[in-house]
Number of protein chains: 4
Amino acid sequence: MLATAAEVFAELGYNATTVRTIADRAGMLAGSLYYHFDSKESMADEILSAFLTDLWTGYQRIEEAELGPRETFEGLVTESFRQMERHRPAVVIYQKEARRLASQERFRYLSDSQERFQQLWTRTLERGVADGSFRSRLDVPVAYRFVRDTVWVAAVWFRPWGRKSAAEIAEQYTSMVLDGIATHPVAR
Amino acid sequence: MLATAAEVFAELGYNATTVRTIADRAGMLAGSLYYHFDSKESMADEILSAFLTDLWTGYQRIEEAELGPRETFEGLVTESFRQMERHRPAVVIYQKEARRLASQERFRYLSDSQERFQQLWTRTLERGVADGSFRSRLDVPVAYRFVRDTVWVAAVWFRPWGRKSAAEIAEQYTSMVLDGIATHPVAR
Amino acid sequence: MLATAAEVFAELGYNATTVRTIADRAGMLAGSLYYHFDSKESMADEILSAFLTDLWTGYQRIEEAELGPRETFEGLVTESFRQMERHRPAVVIYQKEARRLASQERFRYLSDSQERFQQLWTRTLERGVADGSFRSRLDVPVAYRFVRDTVWVAAVWFRPWGRKSAAEIAEQYTSMVLDGIATHPVAR
Amino acid sequence: MLATAAEVFAELGYNATTVRTIADRAGMLAGSLYYHFDSKESMADEILSAFLTDLWTGYQRIEEAELGPRETFEGLVTESFRQMERHRPAVVIYQKEARRLASQERFRYLSDSQERFQQLWTRTLERGVADGSFRSRLDVPVAYRFVRDTVWVAAVWFRPWGRKSAAEIAEQYTSMVLDGIATHPVAR
DNA sequence: TATGAATGAGCGTTCATTCAT
DNA sequence: AATGAATGAACGCTCATTCAT
């Protein structure tokens with residue numbers, strides 16, 4: 001039922017989704033949802049926190065592996081797509097609604113996650129610049145945003161049941177971001 | 001006043017924005033807005049169509065210049081960031097709401113634009129693959145989505161009044177997407 | 001301009017008529033009407049009181065002529081249709097809105113007129129019953145309503161500029177009401 | 001609850017009636033009405049279509065009886081007053097609002113009914129003229145309007161719970177319209 | 001005289017939520 | 001567990017009215 005709610009939120013947007021719509025799809029009446037959930041907000045809460053918990057569990061494994069910057073980079077992107085496969089609707093909701101929701105105390109963990117995310121990526125990029133894996137003239141704050149958006153925005157069109165698996169997409173993304181789409185790029 | 005509405009839409013989302021909020025910010029009462037606009041929807045309409053008109057005017061100049069694929073690519077990205085500078089809130093609205101709005105007849109031009117956009121980019125990428133500017137093994141549909149999202153999603157955090165100009169950001173983006181962020185990339 | 005207002009009120013109904021519509025038809029903006037009138041209500045007021053003044057002037061001439069009941073009857077019906085010719089929109093408004101408006105102090109004269117009207121007709125009918133002009137078993141209160149409605153409701157479809165003049169219609173109505181539409185009626 | 005709405009519509013007019021007034025009278029809040037009805041308009045719809053359905057069921061019985069013109073006339077008037085007894089508020093609404101509502105597709109059946117009504121009465125009057133039951137010089141279109149309005153407008157003052165039953169009023173109306181209110185009428 | 005811009009009350013409607021059953 | 005009926009706050013919008021120009 002939470003899965004149903006997540007799909008509807010992802011499809012229509014949180015605000016545009018009525019509890020009636022969720023209830024319809026779950027085969028019950030709007031009032032009946034309240035036996036299972038405190039509120040519409042708490043549905044979003046459960047959906048998002050389940051996703052972020054899984055995501056950080058995955059990320060932690062990578063951090064603990066203490067790989068080089070490029071391998072960490074690849075690991076993080078791959079893990080992100082893997083989670084997108086499991087939690088696609090949650091990712092879409094996160095993408096669209098996190099900013100708005102984060103202003104509420106109850107969704108504080110969204111901002112916290114955002115911050116951890118930024119630190120993790122920034123550290124990885126900086127390590128890469130330091131050890132020569134990444135370009136020396138890389139503007140890390142801009143590159144961070146670039147990578148972050150680039151990965152997550154894919155959730156909007158990515159369909160795990162489509163022709164390409166998460167791993168394939170991840171591989172393509174990694175290659176594009178790391179090596180670019182042009183030929184003969186000059187090392188800088 | 002349209003600018004005010006655009007900012008609020010971008011900040012809170014179209015659905016979450018009430019006409020009272022817009023009116024507050026514009027220093028008037030909700031009813032007064034209706035002297036200037038037919039409806040909330042028509043505000044979004046004017047905002048989005050003004051943006052898309054300007055955008056396509058810019059793109060057309062680039063198309064007509066008949067540049068090589070790489071230069072066209074750079075031109076399109078640069079033009080996109082330039083328009084983002086003028087129409088930042090409109091871009092955010094487009095980003096978040098286009099899918100939902102496009103289902104209405106009045107916003108048909110959103111889908112039309114989307115399609116033109118896809119053709120323009122796809123053609124450019126294919127030309128680049130054909131003439132060797134871009135990697136031969138490039139998955140064009142995936143790369144198209146990658147570039148499209150990557151550029152526009154920047155509107156969410158991009159602030160023209162920030163430290164970096166649109167041209168600077170565009171240059172960094174182009175370089176990241178074309179040449180990658182890693183060093184010594186292998187040509188494929 | 002009052003004529004314009006009257007036409008619109010008659011056509012659309014008082015409530016459904018906006019001052020904007022009246023202003024449009026008068027070739028000005030809504031606000032400009034207020035240079036000429038205190039309020040929408042006062043327009044209705046002027047329209048209705050002008051009509052009733054004329055009507056009672058006409059009726060008074062008939063009363064003063066001291067005719068027999070049948071001739072009085074004919075005179076009142078004819079005068080009513082004559083006024084309908086001059087004040088058609090006002091009659092329609094009266095017909096549709098009098099009941100609602102009459103509850104307001106400012107429209108007290110509507111109820112007053114209604115009452116005078118009832119007395120005038122009732123007296124005429126009773127005189128006719130007394131002197132044998134009208135049927136002895138006539139239920140005067142019911143007949144009063146019958147005649148009253150019968151005459152005024154015609155304003156809704158009556159068009160002075162149509163094929164039939166007010167005098168012709170009045171003649172037909174009088175004959176129908178007095179003598180009936182059937183043949184060989186039995187005197188009672 | 002539909003009955004409550006009908007009474008308020010009849011009393012105040014459709015436009016002047018607010019859903020809050022209806023809700024007040026029904027002992028609930030405005031929003032609660034929408035659990036039972038789609039819209040204010042659909043309330044009017046249900047009220048009017050229920051009335052017209054009953055009315056035409058009654059009329060059909062009379063048509064199928066294949067009576068003479070005078071008996072058909074009496075039957076139709078009597079049936080009309082009978083329906084007025086059951087659907088008085090609906091009749092008032094019909095009387096006042098049909099013209100305005102009929103312009104909407106959803107109320108198309110109002111115009112349809114109007115037309116059937118006209119045909120039915122016109123046919124009856126013409127049959128009466130043809131077989132000598134009604135006056136040979138009768139202006140059928142005018143007489144039709146006369147009868148139509150005369151009957152239905154009674155709904156405004158008619159109270160079934162008053163001193164007179166629908167059947168009594170119908171009998172008086174029939175006699176007035178067929179035979180007139182004057183004595184010694186000349187057959188024409 | 002007329003305009004343009006605004007006001008503010010109120011309208012029909014929606015929707016998350018409650019609660020007795 | 002679920003329903004059916006209701007609540008009440010808020011929403012987009014309308015409109016009679018005001019008023020400086």
Side-chain angles (χ1 to χ4, degrees), chain A residues 1 5 9 12 14-24 26-44, chain B residues 1 5 8-9 12-24 26-44, chain C residues 1 5 8-9 12 14-24 26-44, chain D residues 1 5 8-9 12 14-24 26-44:
Chain A
M1 196 163 64
F9 284 148
L12 307 177
Y14 178 76
N15 276 308
T17 299
T18 71
V19 295
R20 240 176 202 73
T21 307
I22 299 172
D24 276 3
M28 54 174 70
L29 293 179
S32 312
L33 285 179
Y34 286 79
Y35 180 82
H36 306 277
F37 295 97
D38 288 353
S39 64
K40 181 181 169 183
E41 210 176 77
S42 79
M43 291 188 226
Chain B
M1 199 164 62
V8 185
F9 284 147
L12 308 176
Y14 178 77
N15 276 315
T17 299
T18 72
V19 295
R20 277 164 182 89
T21 307
I22 298 172
D24 274 4
M28 52 174 70
L29 292 175
S32 311
L33 288 178
Y34 288 81
Y35 181 80
H36 305 277
F37 295 98
D38 287 352
S39 64
K40 180 182 170 184
E41 210 177 81
S42 80
M43 292 188 222
Chain C
M1 198 164 64
V8 185
F9 283 147
L12 308 176
Y14 178 77
N15 277 307
T17 298
T18 71
V19 296
R20 240 177 202 75
T21 307
I22 298 173
D24 276 2
M28 53 174 70
L29 293 179
S32 312
L33 284 180
Y34 286 80
Y35 180 80
H36 304 279
F37 294 98
D38 289 352
S39 67
K40 181 181 171 184
E41 210 176 77
S42 80
M43 291 188 225
Chain D
M1 199 165 63
V8 185
F9 283 148
L12 307 177
Y14 178 77
N15 276 314
T17 298
T18 73
V19 295
R20 279 164 180 87
T21 307
I22 298 172
D24 273 3
M28 51 173 70
L29 292 175
S32 311
L33 287 178
Y34 288 79
Y35 181 79
H36 305 278
F37 295 99
D38 288 351
S39 64
K40 181 182 170 184
E41 208 175 84
S42 80
M43 291 188 223

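Chain letters run A, B, ... following the sequence lines, proteins first, then strands; residues in each count from 1. Note: hydrogens, waters and symmetry copies are ignored here, and every other heavy atom, side chains too, is used.
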(message) For C:Val19 and C:Phe37: C-alpha separation, side-chain torsions, deciding distance, then whether side chain to side chain contact (heavy atoms under 4.5 Å, CB included) applies.
(response) CA-CA 11 Å; C:Val19 296; C:Phe37 294 98; over 6 Å; no
(message) Measuring to OP1 and OP2 of E:dA5, would you say a side-chain N or O of B:Tyr35 lies under 4.0 angstrom away?
(response) yes
(request) Ignoring backbone atoms, test whether B:His36 places a side-chain nitrogen or oxygen under 4.0 Å from the OP1 or OP2 oxygen of E:dG4. (result) no
Please give, in whole Å, the distance from [N] [atom2] to [X] [atom1]?
X       : N      : atom1 : atom2 : answer
D:Met43 : E:dC11 : CE    : P     : 14 Å
B:Phe9  : F:dC11 : CZ    : C1'   : 13 Å
B:Leu29 : E:dA6  : CG    : P     : 10 Å
A:Phe37 : E:dC15 : CZ    : P     : 20 Å
C:Leu33 : E:dG4  : CG    : P     : 14 Å

Going from [atom1] on [X] to [atom2] on [Y], what distance comes out if it is rounded to the nearest 0.5 angstrom?
X       : Y       : atom1 : atom2 : result
D:Leu33 : D:Ser39 : CG    : OG    : 11.0 Å
D:Met28 : D:His36 : CE    : NE2   : 4.5 Å
B:Met43 : B:Tyr34 : CE    : OH    : 5.5 Å

(request) Treat primed atoms plus P, OP1 and OP2 as sugar-phosphate and everything else as base, then score nucleotides 13-21 of chain F 5' to 3': B for base contact with protein heavy atoms under 4.0 Å, S for sugar-phosphate contact only, - for none. (result) BBSSBB---
(request) Taking all non-hydrogen atoms of both residues into account, name the closest pair between B:Ala44 and B:Tyr14 and its distance. (result) CB-CE1, 3.8 Å
(message) Just to be sure I follow the notation: if a pair is Watson-Crick (purine N1 to pyrimidine N3 plus N6-O4 or O6-N4) or a G-U wobble (N1-O2 and O6-N3), each under 3.5 Å, what dot-bracket string does DNA chain F give, with | for pairs to another strand?
(response) .||||||||||||||||||||
